[in-house]
Every structure is written in C-alpha cells, then in structure tokens.
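Heavy-atom basis, side chains included; hydrogens, waters and symmetry copies ignored.
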Amino acid sequence: MAQYDVIIIGAGHNGLVTAAYLAQAGRRVLVLEKRDTVGGAAVSEEIFPGFKISSVADGCGYLSAKVRRELKLDARVETVPSDVVAFCPQPDGTQLTIWRDTQRTAEEIARFSKADAEEYPKFVELMSRIADVVGGLMEMTPPDLPEISLRDLLNGAALLGPVRRLGRKRIPDLLRILPMPSADLLNEFFEADAVRGAIGASSVLNITWGPQENGTAYTLLSSWAQSGTGLFRSAGVVKGGMGALTGALADAARGFGAEIRTGASVSEVIVADERATGVRLSSGEEHTAAAVVSNADPRTTFYELLEPHYFDTLFVRQVENIKYRGSAARIHLALSALPEFTALAGGDATAQLSGPIQIAPSLDYVQKAFDCTKYGEYSRYPYLDLLIPTLSDPSLAPAGQHILSITAKYAPYELDAGDWSAHKQSFADVVIDTLAEYAPNIRDVITDRHVLTPPDLESLYGLPEGNPNHGEMTLEQFFHMRPIPSCARYRTPIAGMYICGAGAHPGGGVTGIPGHNAAREILKDSK
Amino acid sequence: MTQNYDAIIVGGGHNGLTCAAYLARAGRKVLVLEQRHVLGGAAVSEEIYPGFTYSVCSYVVSLLRPEVIRELELAKYGLKIHPNDSVFVPMENGDSFTSYADETKARREFGRFSQRDAEMASRFHEVMYKMAFAVKPIIGYVPPNIIKPSLRDLGTLKDLGKHMRGLGKETFHELCKIMVMSADDFLGEYFETDVIRAVHGMSGIIGTMLGVRSPGTAYVLLHHYMGELDGAFTAWGAQQGGTGGVSEAIAGSARNHGAEIRVSAPVAQVIVKNGSAVGVALENGDEFYADTIVSGCDPKVTFRKLVEEKDLPADLVRSIDKFKYRGSSGKVNLALDGLPHFPSLKDPSVLKGAIDICPSVRYIEKAYDDAKYGGFSKRPAMEVVIPSVVDPTMAPQGKHMMSIFVQYAAYDMSEYGNRDQQREAFGNAVIDTLSEFAPNIKDLILHKQVLTPWDLEQQIGLTEGNIFQGELTLDQLFFLRPAAGWADYRTPIRGYWQCGSGTHPGGGITAGPGRLAAREILGGKL
C-alpha cells in the first residue's frame, strides 16, 4: 500500500490550498517543497536586514473568500484593508484617488471630468455584475468543450444567479466586453485620461499586453471578480507580509493532518503502467502515493517532472505552445523616510499612500510602455505599481523606516541588447527616475535596493520566463484551454496525476482557486 | 416626383446590388439609388487618368460567395477573375521570398529558408482548411437574437452547438485559439522563418488597426483564408477590367431581373411614418416610395444619418455609437510608364501576383506602432498588385496600372497639416518606401491617386475609412454585428433593413450580407 493518498509537489499557495482541502477530507497528504520556505511566489523574505519583504506576490492578495472561510484562515492571518484602492499621481502634479467608496471616488473624478463622475457609479455597477459571472466561471471546473456533460450543466447552474442579476438585456454586454481591449471599454465610459489610466492599468498588471490589446477587458474583469473590494483591484496588506498568508495556509494544512517538508526537491514523478505512483527526490529518496499533484507550472510538470514520451505529439505540441512571457520586474527599496509626492504636498499623505500607488497617467502611457517589449526593450517610461506595506504594518521594517515595493512594467524576459544582468541596474535607474518625477525626494531616502528581473523570478522562484501566472492570462489560455485542453479539468493523461497551480484554470493571482478546484476534482475521483 | 417600388436599396455597393438582384429575381420591383456617378461603392473601377482603369479601392477578389456567383449567374454578366498565384516579398537584405499557390514551387521556396517550415506548411494549410470549413456554415447563418431568441434563433444555436461538436476536439480547440490569438503567435506555432510569418501575417492585419502581434488578428487571417475554398476559384484574383467589374456583373444580373439602378442619386433620408419606413428622399428633394427600404451603408450611416434618433430605441443608438470603425488603411494607385524593376526579383512571373512589402514581422509591427497613435506609418506595410500584367484592358500597351494597398494610415492625420498636405505626405511615404525595393518606381509614375482613410470616407461613404464598414473584431462579429438584437438584418423601424458589410458576415467582397438580407426580406426563401 502506498505511503500516502496524495503527494503534492510544491508548497506554493495553491499546493497548500489543495493539501489543506484534501487533508481536511481525511486524506493522508505529503507536500514537498524544494525551497527552504513554503509559499512559492507568495513569501516574505528578509532581503535587507530588518526588512520583511513580499518579494514576488504582494498586497493582501486575492485569496478567495470561500477558501478563506472553508479553511478557517481568519483565525490564523490578519489582513489590513486600505480605503484607498489606487492613488494615482499625475504628471501635472495633481492626483486622482480611487477609494473603496464609490461616491467618494466620484467626487474625486469630478475634478477631472463631471461626465466621468456621473458615469463612474454606472460603470462600477455593470462591471461588478459582469465580474460576478466571471467569478462564477472561475470556481467551475471547465467543461470538456465542445462536449458538455450533464454534470457540467449542473455545475453551470451556479452561473444562473449572477446571470439573472446581470439581466437578460445586458448579456450582450458580457459577451461583447469579454474579448475587448480594456482601453476600448474604458473609452466608452470615460473621457479623462487620468480615470482611464487609473482603472485600465489593473487590466495589464499581470499580463504582457498593453491595454489596447484584445482580451485585456477580461483580465480587468478577472481582477475585479477576485479583488474583494468590489472594484478592479484588491487593496490592503497581509499583516506580516505575503509569507504570513502562505504560512497560515501551511498551518491550516498541518492542522488538518497534512505533512509538509521543505528542502525536498522532487526530481521526477514515478509512472508505472501509465499511472503516477509516487515521486523520487533529487536525494534519491522515493515516496509512493495513490495520486500525485503538481503545483509547478505546466512546462515544468510535463517536461521535467514527467517526460514528453509519456504523451502523444499533439499534447507535447500544445505544451510547447503555452505562452509564458513574463514582462515585469520587481524592485524593492528600503527607505529611510516616506516619499513625498508633489501631488500631496502640504498635507498628511499617509492615508493616500497606504494603498496601491499607480504611475499610469493614461492608457496611451501604459500602451507606449508596452510597445517596446515587442522589440525586446524595456520601457523608458515604465508603468509602475507601488506599495508601501509598512504604512499598514510597521512591523515589517525597523522603526521609522519603510519598504517600497514596485512592480515595474514592462521588462521583457529577453532583451534584444543581450543579457539582463548588464541592464538590470539601468532599468532600476529608469524606474527610480520615473518615480522621481512624481516624488522628487525619492533618491534621497533610498537606503538599499533589490532588483528582480524576469530571469531572476524564473531562477529564484521557479516562474518560467518570469511570468507570475504560470502562463499568460490571455483568452487562448483561458477556461477550457488552460493550460491545454486535455488538462483543463485538473487531470492529466496520466492516471493519478493532477495539476493544481496557476497554470490551471482560472490562473494566477493569490486566489487559491486553482488549488481549491483541483482538490474538488481529486476528491471526486477518489471517492 | 414620386414613384412606387416594392423595395428601394440605398447604396449601389456590391452588397446593395446583390440584395437588389435577389429581390428582383424574386419578382420584386426594385430601385437602387447610388450617390456617386458610378456603381460599386468600394468595389469600383474608374478611369482616373486617360487610358488607365483604376480599381480605386478594393483590388482583389476571393471571398465572393460561390452561391452568389451561381445563383445570380455572374459569369454571364462579366465576372471573370484572373487568379493570383503568388505573393512576392522583396526583403531588406536583397533576397526575396515568394509564396506560391503551386505546391511543388511552394515547398522548394519554403525549403530555401527552412526545411522545417517546408514540412509544416502542409500541416498549416490542412489546419487552416479545416477551420475555414468549420467556420463556413456560420457565414450562412442569420445571426440569432441573443437578447430575445426566437424559436428559429434557438434552432440556430442548437445547430451551431451540433456543428461545433462535429468538428472534433482538435479542430474545435484550434478554432478557439485562432478566434482570439495574434496572427504572429498563431503562425509562430507553425513557422520559424521570420519572412514567412510576415507574409502570412499580412492577411491578419488587412483593414484592421491592429498589429500582427495584437490578439485578435489571427481571426482576420482566417477570414481572409476562406476565399481559398469552394473551387469557384482557388485563390485571390483580379477581376477583368478592375474590381468594379464585379459590381457591374451583379448590377447586370439585377437589371436583367428588372431592377432599376440610378447613379448620382444621393439619398438624404429614409422617410419614416408611424414607425414604418415608407420611402426615401433624395438630396435634390425627389421622393420615392416603397414598403421595403434597405440600406447598404455602414451602421453609422444607416442608423445615425438616414433616420432620426427619435425613431430608434436608446439602447440601439448607444450600441451603434460604440461601434468601432477606425480605418487603418489607405490606397495609392499609380499609372506607370513601364514595369517597375525589383532587383531582388528572380522569377518575373511573380509580377502577375501580389507583391507584399512586409520584409519582417518587426517591420509590420513597427509600421503599426508608428500609426496607432495617429498619422501613418513612415515605412508602411503594403500589398501591391499590377493587374495590367495579366489584364491588358487595364492600361495602354506597354504601360501599367499599379494598385498599392497601404497599412497603416490612421483616420486622424492632423499632425501633417491640412488635407492636401496629409495626402501629399502619406503618398510620399508610400512611394519612398516602395522605391527602397523598386528603385526605378519614381521615374515611371505618370499619375498618382492617393486616398487616405478620410478620403475613403468622403468619396465612398465609409465611416472613418474602414474598408469593412466596421472592425472585424470579436466584439463586433456574428450576433453582435452591428448590435445585439439587430444582427438579423432588421431594424427597429418596420420595413427598414440593413444589408451592408457592417452586418454578418462582414467585410470584403463576399456579397454574403446582401444575400442573407435578401433572404430575410423574402421570408427565408430566395
């Protein structure tokens, strides 16, 4: 008899979610993580002495409320929400703040355009309704299209509520908006660049495309559906950093009886008679299980943990064709004092700065930042997404000091000019120069900096091409196509072998939903 | 002056004429009113310079529905296509690539660049062929109303589901991908050679303000692939006597069935009484009456110019105002004193086909980035044809007619000054770029006609110069073209119909919208 019911490869947040659900259901679960800490890309690390930094995933994440509730995480981890959803300084020294409160935001928007202020509540209402439908899709196991089984239809019934609330007249809006560019969508509602940029930036934060590209309205909706703010992005921080969240997940899994081992690198999945029977570690050690689940990305899962010869040529071709394409760098700064934004001069800035900060003054600005990636160049005027987590959680840094973490777009995985190592610091300089246009004191308060380019994210965190989502969140890699059609239901052609990472539906973000959905399917199969 | 008809068609473009021909064939008394002095809309031939026939806008034919050719007996009325067997691509390094229709030649040429690509080519064609067949029946559907589906609409949706299940998983999944991917990503799954991806990618961007690397362009590629079907003719081709000959053939068929066609008769408005269309008023004040009025114009003209807002529901007005046009292409037509010389040309027979200026994927993408914020590409991507090589009626002996389709030209070119200056600057960019590949071109020019998107709007009536009467993006296709609930050729005004490329199945000289509209008007039977 196998030593375990299930072995999970990788203790990223999805692997931990799957582990927790399976252990909760009474399965004997072993999680194997090759790094010394759990969390994968959702970790807190002491990059600078005394500073606890969420190196890759940041903020309060997008962890599904359902997962949070069912795994009883509230007792284990605290999030500090922020009232500000996006603080957006403008090149002319003004600023636009998007608050959780719609009315308060409308008043802000009115400073830029009265018409936009009137449109904003309507836009929020429509998008929230559509996002509810998208959210419903996310928790579904995709049907094996073009076939739809009775069970799929029953699962689809979960969408009826959201669709009814959207209303029949607006179903065409849903169908029309999904494949659109976010820029076109926002242009239909708003006229002020600042407003369009503030909302549109979120549509491309985790994707390689610019907001003018088709499919980015879907990424906006996907973010909207999972944000927990009722708006286009989440806002707040996890107390103790992202690592506290995955730490809580690990504790929850352990609490349900799962065994988690770090520093245990799986070199291969053992397959006998076309069935996964266990794993072999790089130490040579072997463990057997009735089922093996990979939290790694599809390329790693099928090419490294398994071998291409297990699969037919169509399968291999489809895996080969998965688009990864990381396009952002992560830059962490240790600060001796808060940056002083020109737009907030003279007042108490802490309220506005405690949420996400966006340098994305217009859709054209973001699009132009994107254009260069097509030619293997990094942006000269990058679109920046910033967070100062120490304003919400001072314990993350020595007293009086701050962390500024930046997602800097766009930084393509491959540079035409050659190796990233030669350009890493100059890109960071560009980022800081850009920031200095909005917060002129920034250079004077930086005491340390740490730069992670897409190749760094690949080598350090196992994110191929530096893509945080284990594959782009584009429409051709969506739903029944994610990561490839024959694995979209979390199963693989090898019996007993499953996937549970962000490469599976519904994709990236610290949502836990792929892990949740995978656990559901594994439990169905093992009943 | 008043006269009575069963049906009046506004606009003598190829779809309007097709609709007219089918209605006349069914015994209706039909009047077609065209604003210009010549028929055809964007499918038009004109003698702009003495002795030379210009295919002013549209310059190749391939998507024309075979059932239309058959049912309207177009061959009898002058339809004659000279097939276009090759695409010649001069490259920046002095080499060239030619895409041949002939399989042996194609394989040899692919193999000159990459043996792997030569092998993939047949797989690629097979996949495209399968997908084109998969999409083909959809072209024949009247798009269902998804807000309030009728029994027939539910039937259509059921048929569609059945059809999709019948495709097999591999084709279905490939179809899902091609609907949303970028042309270059899609091609990159088959080909490794840059110039091969570039020339194939060109079909994905024609008439679309998107780059080969923008998601959504793979579908446009498929749209253009559908012409390679059905055996009526197997590739792209040039109509004898210019593209206007297609419109003339359809008009000939319509006239033969008794339709009356008037040119220089611009319609000012559709006359609506008690929610029903009852006739049209011309700009000169003449009025004509009929129970059925059909607009072949684009959605903006159909809903926002020819009728009044008060006669339309607010939802529809909003949808029509959101409909995207964004013309992306211009046209330069040249009367030439002789054949241009391409130093990279080895096989002179390829001048019978198309010459594509798209030496690399990066070249096309740069051209796009150059124009997408306004203006035009300084080094544009272009498709050049010299129809006079195969059709001597196009130009005097020894002389040639050259048609240059140019991507990208934005509707807004205001950075270049007034309209004349814009046209001049745009034309110069085109000719300067072409002369990089054919250095003697400037010495050969006897006359040039330059059309910017604004010119296409002013002269032909295409809003923002969009050659498809609205972008062919997923959010504007099938039951969303031009607006949900009104994709079945009807309008909220009783007796008022639409039949232009702004309706399903969209742009190109397909005659599909005209035929489907006629079928709906005639109660489902042609």
Toward chain B, the part of A:L145 with a non-hydrogen atom under 4.5 Å: both
Would you call [X] and [Y] a side-chain contact if the rule is heavy atoms closer than 4.5 Å?
| X | Y | result |
| --- | --- | --- |
| A:H480 | B:H173 | yes |
| B:K324 | A:P181 | yes |
| B:K169 | A:D144 | yes |
| A:Y375 | B:D369 | yes |
| A:R176 | B:T473 | no |
| A:I177 | B:D475 | no |
| A:K323 | B:M181 | yes |

Taking every non-hydrogen atom, the tightest pair across B:P215 and A:N214: O-ND2, 2.8 Å
A:P172 versus B:I147, closest heavy-atom pair with distance: CG-CG1, 3.4 Å
Looking at [X], I'd like to know if its [atom1] atom is crowded, meaning that more than 12 non-hydrogen atoms belonging to other residues, nucleotides or ligands lie closer than 6.0 Å.
| X | atom1 | value |
| --- | --- | --- |
| A:E414 | CD | no |
| A:E118 | CD | no |
| A:F315 | CZ | yes |
| A:L154 | CG | yes |
| A:R151 | CZ | no |

For chain B, the option from A:D173, A:D184, A:I148 that forms the most heavy-atom pairs under 4.5 Å: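 Between A:D173, A:D184, A:I148, the count favours A:D184.
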Most chain B-contacting option - heavy-atom pairs closer than 4.5 Å, from A:G215, A:P179, A:P146: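 The answer is A:P146.
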Which atoms of [X] are under 4.5 Å from chain A, going by heavy atoms: the side chain, the backbone, both sets, or neither?
| X | result |
| --- | --- |
| B:E170 | side chain |
| B:R326 | side chain |
| B:L210 | side chain |

N-O pairing of [X] and [Y] below 4.0 Å:
| X | Y | result |
| --- | --- | --- |
| A:K169 | B:D315 | yes |
| B:K372 | A:D364 | no |
| A:K374 | B:D184 | no |
| B:K366 | A:D371 | no |
| A:E188 | B:R318 | no |

From CA spacing to verdict: side chain to side chain contact (heavy atoms under 4.5 Å, CB included), A:E476, B:F186: CA-CA 10 Å; A:E476 86 261 17; B:F186 186 79; over 6 Å; no
